[in-house]
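Each remark here refers to the structure printed beneath this line.
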Protein chains: 2
Amino acid sequence: MKDVVSNCPIEEVMRVLSGRWPTLLLYYLKDGTKRFSDLQRDNPTLSHRMLALELRKLEVAGIIRRTAYPGYPLRVDYDLTASGLKLVPLIDALGGWWEDRAGDHVDPAKAKIQKRLVDAA
Amino acid sequence: MKDVVSNCPIEEVMRVLSGRWPTLLLYYLKDGTKRFSDLQRDNPTLSHRMLALELRKLEVAGIIRRTAYPGYPLRVDYDLTASGLKLVPLIDALGGWWEDRAGDHVDPAKAKIQKRLVDAA
DNA sequence: TGTAAATTACGCACTATTTTGTAACCAGGA
DNA sequence: TCCTGGTTACAAAATAGTGCGTAATTTACA
């Protein structure tokens, strides 16, 4: 997933939203402003470094806003931008879709079954 | 992005949709049934291995349907399932969001500017 | 007539590339 | 010395690409 210029909006959103963390961070920031350390606590399996990287990615994409206060110890706040807020329901819609997709959905064993059909043919 | 069981639908959708290819494949399959080789031609930068892997992932997720015909040369068709069809507009919505997010969006240089602010403090 | 070659949708092993984690370091005041 | 929010260098892990093999039938050609 290198720097392939794509001009396709869908490819571009996915470049930002792909991976475990972006949507999770959105989720936590829905509730309002959070500090770096809050987000660290919220998901302990996310490494310090990755948190910093992902936050910056979201910031550059205009989804979250970073506010740094002068002074020590350091203090930095993160919250959703206007467009970040608009994104949240779209993500939720995906979650909703996943939940009631169960009806017409295929059990994980199907792949093998299909394969066997081909082999037998 | 290992096999972390999550029970959160959003995390689960993203596990399937993350990466460059899933949404692209959806996009090509919108137009109807395609064969493996069609999809290969549609995006030449996708290796046959990845194509096979991604297709299977989408199949197991119940988004696409795989139909293998007996006989040689081999022939396999792929098309969207009912729930796959329902997913398409949601993805499109993300694309739409990306396009008109420009207004309240931050230019890529901002990160540096912010950093300088912090440093100066 | 006999045979070699092409065809399709992959699987597999091996390598290359990318992403992620770990740990250490920084700043300057309490 | 600790605090916070990073950054950097190095290591480990995950992900992606390359190229060969394969199956049964048709076509190509000497």
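Excluded from the calculations below are hydrogen atoms, water molecules and symmetry mates; all remaining heavy atoms, backbone and side chain alike, are included. Chain letters run A, B, ... following the sequence lines, proteins first, then strands; residues in each count from 1.
Under the 3.5 Å distance criterion, the side-chain polar atoms of B:W97 are matched with a main-chain donor or acceptor of A:S83.
The nucleotide whose nearest atom lies closest to any side-chain atom of A:Y72 is, among C:dC10, D:dT7, C:dG28, C:dG28. The side chain of A:H48 approaches D:dG5 more closely than any other nucleotide in the set D:dG19, C:dA9, D:dG5. Each of D:dA23, C:dT20, D:dG5 was ranked by its minimum atom distance to the side chain of A:R66; first place goes to D:dG5. For B:F36, taking side-chain heavy atoms from C-beta onward, the closest of the listed nucleotides C:dG29, C:dC10, D:dT7 is C:dC10. For B:R49, the side-chain atoms get nearest to C:dC12 when compared with the rest of D:dG6, C:dC10, C:dC12.
Residue B:Y69 places none of its side-chain N or O atoms closer than 4.0 Å to OP1 or OP2 of D:dT25. The side chain of A:R56 contributes an N or O atom lying less than 4.0 Å from OP1 or OP2 of D:dT7.
Neither side chain, A:W21 nor A:E54, offers a donor N or O lying under 3.5 Å from an acceptor on the other.
For the atom pair CD of A:E59 and CZ of A:R65, the computed distance is 11.0 Å after rounding to the nearest 0.5 Å. To the nearest 0.5 angstrom, B:R101 atom CZ is 8.0 Å from A:I63 atom CD1. Atom CG in B:L74 sits 11.0 Å away from atom OG in B:S37 (nearest 0.5 Å).
Map A:S37 and B:M50 each onto its nearest nucleotide of DNA chain D; the residue landing nearer the 5' end is A:S37. Of the two residues near DNA chain C, A:P73 and A:L46, the one whose nearest nucleotide lies more 5' is A:L46.
The distance between atom CG of B:L24 and atom C1' of D:dA16, rounded to the nearest whole Å, is 16 Å. Atom CH2 of A:W21 and atom C1' of C:dG21 are 12 Å apart (whole Å). Spacing between atom CZ of A:R20 and atom C1' of D:dA13 amounts to 14 Å, rounded to whole angstrom units. Per the geometry, CZ belonging to B:R75 stands 23 Å off P belonging to C:dA6, to the nearest Å. Distance, A:L74 CG to C:dA27 P: 12 Å, rounded to whole Å. Summarising the geometry, the separation between CG on B:L55 and P on C:dG11 is reported as 10 Å, rounded to the nearest angstrom. Following rounding to the nearest Å, A:L53 (CG) and C:dT20 (C1') show an atom-to-atom distance of 9 Å. Following rounding to the nearest Å, B:R15 (CZ) and D:dA14 (P) show an atom-to-atom distance of 14 Å.
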